[in-house]
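Report on the structure given below.
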Number of protein chains: 2
Amino acid sequence: MTLTVLAPDGVPEVRRGDDLADLLLAALAGSRDPLAGSLADGDIVLVTSKVVAKAEGRVRPATTREAELAGETVRVVARRGATAIVRNRLGLTMAAAGIDASNVEAGSVVLLPEAPDRSAAVMRAALRERAGVNVAVVVTDTAGRAWREGQTDIAIGAAGLAVLEDHRGAVDGYGNALAVTLPAVADELASTGELVQGKLGGRPFAVVRGRADLVLAPGDDGPGAVALIRAEGGDFFGFGAREAVVRALAGLPGDRAPFGAPAHPEELLDAIRVVTGRSGRVADGVLTVEWDDRLVPLAFAHGWVAEPGADGTAVLRPA
Amino acid sequence: MTLTVLAPDGVPEVRRGDDLADLLLAALAGSRDPLAGSLADGDIVLVTSKVVAKAEGRVRPATTREAELAGETVRVVARRGATAIVRNRLGLTMAAAGIDASNVEAGSVVLLPEAPDRSAAVMRAALRERAGVNVAVVVTDTAGRAWREGQTDIAIGAAGLAVLEDHRGAVDGYGNALAVTLPAVADELASTGELVQGKLGGRPFAVVRGRADLVLAPGDDGPGAVALIRAEGGDFFGFGAREAVVRALAGLPGDRAPFGAPAHPEELLDAIRVVTGRSGRVADGVLTVEWDDRLVPLAFAHGWVAEPGADGTAVLRPA
């Protein structure tokens with residue numbers, strides 16, 4: 001099986017109001033690369049969020065960076081020194097909410113596109129109208145990761161693409177069901193594009209040919225890249241380790257959501273044993289254990305509430 | 001700029017002792033794909049950890065899974081229900097420590113290779129000896145991520161590759177320094193390979209042509225994929241949010257490392273204000289504040305220790 005990836009050179013500086021479909025088609029037509037020329041049905045077009053945002057007029061003076069950051073941020077996930085990792089209005093967990101000062105005039109910053117899935121759908125429709133091809137479009141951005149050094153490009157917008165390749169129910173060559181395998185192909189495509197687009201500007205577009213099976217029928221824009229975002233509280237890393245402790249000890253109701261839905265009573269009992277060495281009992285979904293002040297933040301982090309009961313006990317209920 | 005990626009079909013089942021270099025060269029020679037035939041200098045070879053582990057005899061009976069999991073695990077990062085995310089002996093943070101039951105005979109599980117960077121170096125040397133080419137080799141595996149749905153392939157072993165493309169010090173087309181940009185190209189290459197290798201078996205190899213600039217000189221195997229692993233305590237997500245609270249409240253000394261180096265006093269003071277509403281003072285690197293039991297876990301999570309001082313104060317010192 002073969003994949004070819006082309007990132008055409010010679011794309012001019014993108015300005016507010018520019019038509020990205022026209023810019024891509026012109027760059028492909030002008031490219032001297034043997035693979036270039038024109039788009040084909042089943043191609044997957046990658047475009048950096050940087051040029052999408054520029055075309056949409058999302059460039060701001062660097063002096064307003066802090067104000068813009070506040071506007072893009074839903075909540076702080078982790079902060080150490082000058083580095084703030086936040087969950088932004090798109091649900092993306094990123095340093096500086098994705099606001100970037102590279103590949104833009106000095107003194108300016110670029111916000112993420114207003115609605116990247118919509119931006120992808122607009123470009124897909126324009127390419128179908130002008131080139132008569134059924135392609136998918138992915139809007140890409142660069143993001144750091146937990147646990148690993150460096151950054152990779154991910155998909156923050158998509159149209160006409162199966163963003164997750166669902167193998168659930170599929171069976172491998174040995175008859176094993178691929179129970180939880182769900183490759184995030186939209187992110188893998190974004191990372192593939194970064195290898196040819198690079199970071200130094202001048203190649204905001206890439207075309208991936210060879211995975212037409214991931215491209216949806218005309219008129220079906222699919223779930224979009226929003227389907228790649230785990231819902232608030234849906235994973236284990238809604239706060240950095242330090243921030244989780246601060247939030248649980250502060251016990252602010254608004255901080256409950258990132259800890260997820262109420263834990264199973266047995267999981268909370270295990271945590272209580274680890275912290276206090278005590279065991280408790282569960283009756284009618286209510287957990288009773290000898291009082292310990294540490295039960296309050298412990299319950300909070302598990303989506304429960306601890307209140308004083310009779311005879312020096314603590315009564316814990318799901319929040 | 002163009003990248004071509006080929007994953008040859010027709011690779012036989014890999015068994016203990018098989019030579020992966022021979023298997024790849026045979027698959028390329030036998031492929032009917034126009035891009036196939038032979039390797040070239042500057043090619044980047046991708047190989048799944050699954051077949052590397054099989055060739056190294058790392059297949060175990062499924063009945064020993066729990067024992068093997070314990071052996072591969074350094075510590076639990078997060079657990080909810082049946083899902084355990086752990087940091088394994090390679091430093092990789094993965095579900096089930098990377099032990100997998102897909103693409104192997106039913107009733108068996110496959111461990112990760114013993115030393116994936118070494119496995120990559122051995123295959124690189126064999127390809128140079130037998131095909132006379134200078135290539136890079138990347139051992140890939142599939143991993144989930146924080147915050148996002150689905151999995152992507154990452155590099156767990158590498159030889160002869162610049163695994164991180166260091167743009168620090170580089171300048172974009174606008175004269176902006178790319179201060180912190182460090183693309184994890186080894187992971188992006190692994191994700192690129194997954195798009196053509198797939199998950200249903202039969203294509204354990206891929207060859208990426210077009211980024212010869214990332215391939216190091218013969219004899220220089222480079223930093224390896226270990227350079228992609230953030231050191232213990234080096235990032236913000238060493239524990240899941242719930243686990244962080246449990247660990248800080250339990251205060252077990254062995255749990256200190258994942259919280260990182262002692263925080264700057266001002267950061268700890270900010271946390272104390274958020275939790276207790278109190279302000280403290282710092283003198284000679286020692287922090288003094290009115291006593292509150294919550295200072296103990298708070299200090300622990302910041303790499304500090306809180307002890308009772310005079311007149312109902314708490315004295316906090318870096319651990």
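Each chain gets a letter, A, B and so on, in the order the sequences are listed, and its residues count up from 1. Heavy atoms only: backbone and side chains are in, while hydrogens, waters and symmetry mates are out.
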Nearest 0.5 Å, please: how far is CZ in B:R145 from CZ in A:R230? 7.5 Å
Is any side-chain heavy atom of B:V245 closer than 4.5 Å to one of A:F300? no
Holding to ring pair (Phe, Tyr, Trp, His ring centres under 6.0 Å), I want the full list of residues that pass it with B:F236, two or more places apart in sequence or in another chain. none
Tell me, out of A:D187, A:L164, A:D293, who's got the most heavy-atom pairs with chain B below 4.5 Å. A:D187
Distance, nearest 0.5 Å, that separates CG of B:L249 from CG of A:L295: 9.0 Å
Of all of B:L92, B:L189, B:L200, B:V104, which one pairs up most often with chain A through heavy atoms under 4.5 Å apart? B:V104
If we only count heavy atoms from C-beta on, is the A:K199 to B:D172 side-chain gap below 4.5 Å? no
Return the CG to CZ distance between A:L268 and B:R242, rounded to the nearest 0.5 Å. 9.0 Å
Top of B:V246, B:L228, B:T192, B:T152 for chain A proximity - count of heavy-atom pairs under 4.5 angstrom: B:L228
Option that, when pairs with chain A are counted at under 4.5 Å, heavy atom only, ranks first among B:A248, B:A7, B:A190, B:A206: B:A7
So how far is it from A:I85 CD1 to B:F237 CZ, rounded to the nearest 0.5 Å? 4.5 Å
Interface check, chain B: of A:E105, A:R79, A:R80, A:E267, most non-hydrogen pairs under 4.5 Å belong to A:R80
Under 4.5 Å to a heavy atom of chain B? For A:H264 that would be neither
Against chain A, label B:V163 side chain, backbone, both or neither, depending on which of its atoms sit under 4.5 Å from a heavy atom there. neither
Which atoms of A:R247 come close to chain B, meaning under 4.5 Å heavy atom to heavy atom: side chain ones, backbone ones, both, or neither? side chain
Against chain B, label A:N103 side chain, backbone, both or neither, depending on which of its atoms sit under 4.5 Å from a heavy atom there. both
Heaviest contributor of heavy-atom pairs below 4.5 Å to chain A, chosen from B:G251, B:A250, B:P258, B:G202, is B:A250
Who wins among A:D9, A:D153, A:T142 for the most heavy-atom pairs under 4.5 Å with chain B? A:D153
Holding to salt bridge (charged side-chain N to carboxylate O under 4.0 Å, His left out), I want the full list of residues that pass it with A:E266, two or more places apart in sequence or in another chain. none
Counting heavy-atom pairs under 4.5 Å with chain B, which one of A:E149, A:E243, A:R294, A:H302 comes out on top? A:E149
Using atom types as modelled and distance alone, determine if a side-chain donor or acceptor of A:D235 lies under 3.5 Å from a backbone N or O of B:A146. no
Roughly how far, to the nearest 0.5 Å, is CZ of A:R148 from CD1 of B:I229? 6.5 Å
Counting heavy-atom pairs under 4.5 angstrom with chain B, the leader among A:E194, A:R203, A:E232, A:R211 is A:E194
Is A:A263 close to chain B through its backbone or its side chain, or both, or neither, when contacts mean heavy atoms under 4.5 Å? both
Ranked by heavy-atom pairs below 4.5 Å to chain B, first place among A:A244, A:A231, A:S191 goes to A:S191
Toward chain B, the part of A:V207 with a non-hydrogen atom under 4.5 Å: neither
Under a 4.5 Å heavy-atom cutoff, which of B:I154, B:N176, B:V185 has the most pairs with chain A? B:N176
Chain A shares the most heavy-atom pairs under 4.5 Å, among B:G277, B:G150, B:G144, B:G173, with B:G150
Here the gap from A:L195 atom CG to B:I44 atom CD1, rounded to the nearest 0.5 Å, amounts to 8.0 Å
